[in-house]
Amino acid sequence: MPEGNEIHRWAARHTAAFVGKKLNVLPGPNHRFIDAHLVDGKKLLKVHAVGKHLGYEFGPDLYLHVHLGRFGDFTEGCGPLPEPKGALRAVLQRAGAGKKSRSQKGQPHNLTCANDDGTQPFPPEEVDWCELRGPTDCSVYDAAKWQALLDRLGPDPLAHEPGGHDDPQRAYDKILSKKTSIGELLMDQSILSGIGNIYRAELLFRHRLNPFTPGEQVELKTLKSIWKDSIPLLKAGMVDRRIVCTDRKDRPSGKAVAERGEEHYVYRRHGKPCFVCGETILRKDVAGRTLYWCPNDQQTTNEQNDTAYAQGTSLRAGRAAEKKGRRSAP
DNA sequence: GCCTTATGCTCAC
DNA sequence: TGAGCCTAAGGCT
């Protein structure tokens, strides 16, 4: 269930564990991973991560594309594989793995802790296999299809590859030309890739930006500031399986490590007091996803809301949800 | 055990 | 714009 930070972390781990090695690539028990035979037995050359997409390069025209969607996840381990589980299961396994005696043989682990500097805490030689469950996509792309995917993705704050998906100017230009709300634009992967619902809400709060502000009304310096902030925030992304976006000075505990419930300023904190001003955090269904914000720190001016409503750019889904009787802001 | 919710995306209409 | 797909955890009865 990842945003871009998690994708890049998996890419780093799978690079360490599998690149340069021949892999057994196994389909799930019901054979929904129909492309497995195309890469089975081949040497993995490189693992790419752009936005929320992973690309396992097995040859110049052979990429295994993985998108985890909202539910996909990996489990890693050494020794024997666990029993099949789930509708779509794919396994990358080192050829010949599981034959050697290991101290942790047969113990799968789902390690998700990163060190503070973003490095990974366990030696990759302990990983024989990884199991993928519940992805939105797990299929083989040729080079043209992979390139087409890259072409439609916006810059990724965590991408530093030659040829670059890390030039934010394209994103600035697009945002500043649109009437759509910044809350929706930040989630648009063709504008910025790798940002998901948590980082959207948290970045907007951190920069005190009203989610309903039309893109064209956002100041360029604010966009630059958001981009600059997003890089360390995404890099620091995972701490004990949690995304932490609060600064120490704003945490009620004042502790260096966020306690449970103080990882986020606004995300899933609706009905609770803002850490900064005490105002009650609101939520609203926007374009099918739940948006959270502080109505005081992220001032909702009547003018901005009126504009958003009039243009029908940001609150359509919210109004539709209200019609259906679903809960909106508390 | 059932229901709701969740870090996403595509496609048909 | 709504439906559909996929898994898991937590709250409730």
Side-chain angles (χ1 to χ4, degrees), chain A residues 1-10 28-33 49-54 65-75 82-90 108 110 112 114 131-139 141 145 148-149 152-154 156-158 180 183-184 186-205 230 233-245 260-261 263-271 283-292 312-328:
Chain A
M1 295 173 276
E3 299 196 23
N5 59 315
E6 181 81 331
I7 296 303
H8 283 266
R9 197 186 62 83
W10 285 123
N30 54 9
H31 302 287
R32 286 193 50 199
F33 176 24
V50 181
K52 298 169 186 172
H53 300 259
L54 284 162
H65 172 252
V66 171
H67 193 292
L68 296 180
R70 222 188 316 192
F71 309 120
D73 203 1
F74 287 104
T75 304
E83 287 298 308
K85 193 178 171 186
L88 175 55
R89 176 201 198 225
N110 196 357
T112 52
E131 182 196 26
L132 168 63
R133 293 185 317 278
T136 293
D137 186 48
C138 178
S139 62
Y141 281 18
K145 192 172 180 184
L149 168 69
R152 73 164 195 264
L153 291 174
D156 174 353
L158 293 183
T180 310
E184 286 181 71
L186 283 187
M187 291 277 283
D188 185 338
Q189 300 298 298
S190 71
I191 292 175
L192 276 173
S193 59
I195 303 293
N197 204 22
I198 296 178
Y199 283 113
R200 161 180 69 171
E202 295 296 295
L203 282 167
L204 288 172
F205 178 87
S230 71
L233 207 61
L234 283 156
K235 276 186 179 171
M238 296 299 287
V239 181
D240 294 334
R241 196 70 168 168
R242 300 181 300 168
I243 290 176
V244 176
C245 296
R260 193 154 289 281
E263 301 96 331
H264 310 133
Y265 285 106
V266 292
Y267 177 74
R268 294 194 76 177
R269 294 199 65 250
H270 55 286
R283 74 171 179 181
K284 191 173 190 68
D285 193 28
V286 175
R289 307 300 297 279
T290 309
L291 172 67
Y292 304 84
T313 53
S314 62
L315 302 176
R316 285 172 300 187
R319 291 204 300 272
E322 284 169 4
K323 280 184 184 175
K324 288 171 68 177
R326 291 154 75 177
R327 181 182 176 189
S328 79

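So you know, we letter chains A, B, ... as the sequences are listed, proteins then strands, and number each from 1. Atom set for the values below is all heavy atoms of this structure, side chains included, hydrogens, waters and symmetry mates excluded.
Taken together, the paired segments of DNA chain C that extend over three or more consecutive Watson-Crick or G-U pairs, each closer than 3.5 Å at both contacts, are B:1-6 with C:7-12, B:8-12 with C:1-5.
Comparing C/dA8, B/dT7, B/dT10 against the side chain of A/Glu3 picks out B/dT7 as the nearest. Ranking B/dT7, B/dA6, C/dT7 by closeness to the A/Ile198 side chain, first place goes to B/dT7. Which of B/dT10, C/dC6, B/dT7 sits closest to the side chain of A/Phe71 comes down to C/dC6.
For the pair A/Arg268 CZ and C/dG11 P, the interatomic distance rounds to 10 Å; values are reported in whole Å. Straight-line distance from the CD1 atom of A/Ile7 to the P atom of B/dT7: 15 Å, rounded to whole Å. One interatomic measurement links the two molecules: NE2 of A/His65 to P of B/dC9, which rounds to 10 Å at whole-angstrom precision. Taking atom CG of residue A/Leu68 and atom C1' of nucleotide B/dC9, one finds them 12 Å apart after rounding to whole Å. For A/Asp73 and C/dC5, the CG to P distance is 22 Å, given to the nearest whole Å. What separates CD of A/Glu263 from P of B/dA6 is a distance of 16 Å, to the nearest Å. If you take OH of A/Tyr265 and P of B/dT7, they are 20 Å apart, rounded to a whole angstrom. As rounded to whole Å, 12 Å separates atom C1' of C/dC6 from atom CG of A/Asp137.
Here A/Lys52 does not reach the OP1 or OP2 of B/dT7: none of its side-chain N or O atoms lies under 4.0 Å away. Contact between the side-chain N/O atoms of A/Arg152 and the OP1/OP2 oxygens of B/dC9 is not found at any separation under 4.0 Å. Contact annotation: A/Arg133 side-chain N/O to C/dA8 OP1/OP2 distance is under 4.0 Å. The shortest distance between the side-chain N/O atoms of A/Tyr267 and the OP1/OP2 oxygens of B/dT5 is not below 4.0 Å.
Taking atom P in both C/dC6 and B/dG1, the straight-line distance is 23 Å, to the nearest Å.
Ring geometry for A/His53 against A/His67 counts as perpendicular: the plane angle is over 60°, on a 0 to 90° scale with 30° as the lower cut. Ring pair A/Phe205/A/Tyr265 is parallel by interplanar angle, where below 30° counts as parallel and above 60° as perpendicular.
Counting heavy atoms from C-beta on, the side chains of A/Thr136 and A/Arg70 never come closer than 4.5 Å. Looking only at side-chain heavy atoms (C-beta outward), A/Met187 and A/Asn197 come within less than 4.5 Å of each other. Between A/Trp10 and A/Leu132, every side-chain heavy-atom pair lies at or beyond the 4.5 Å cut-off.
Closest of all the heavy-atom pairs between A/Arg200 and A/Ile195 is N-CG2, 3.8 Å. Considering every non-hydrogen atom in both A/Leu233 and A/Tyr199, the closest pair reads O-OH, 3.4 Å.
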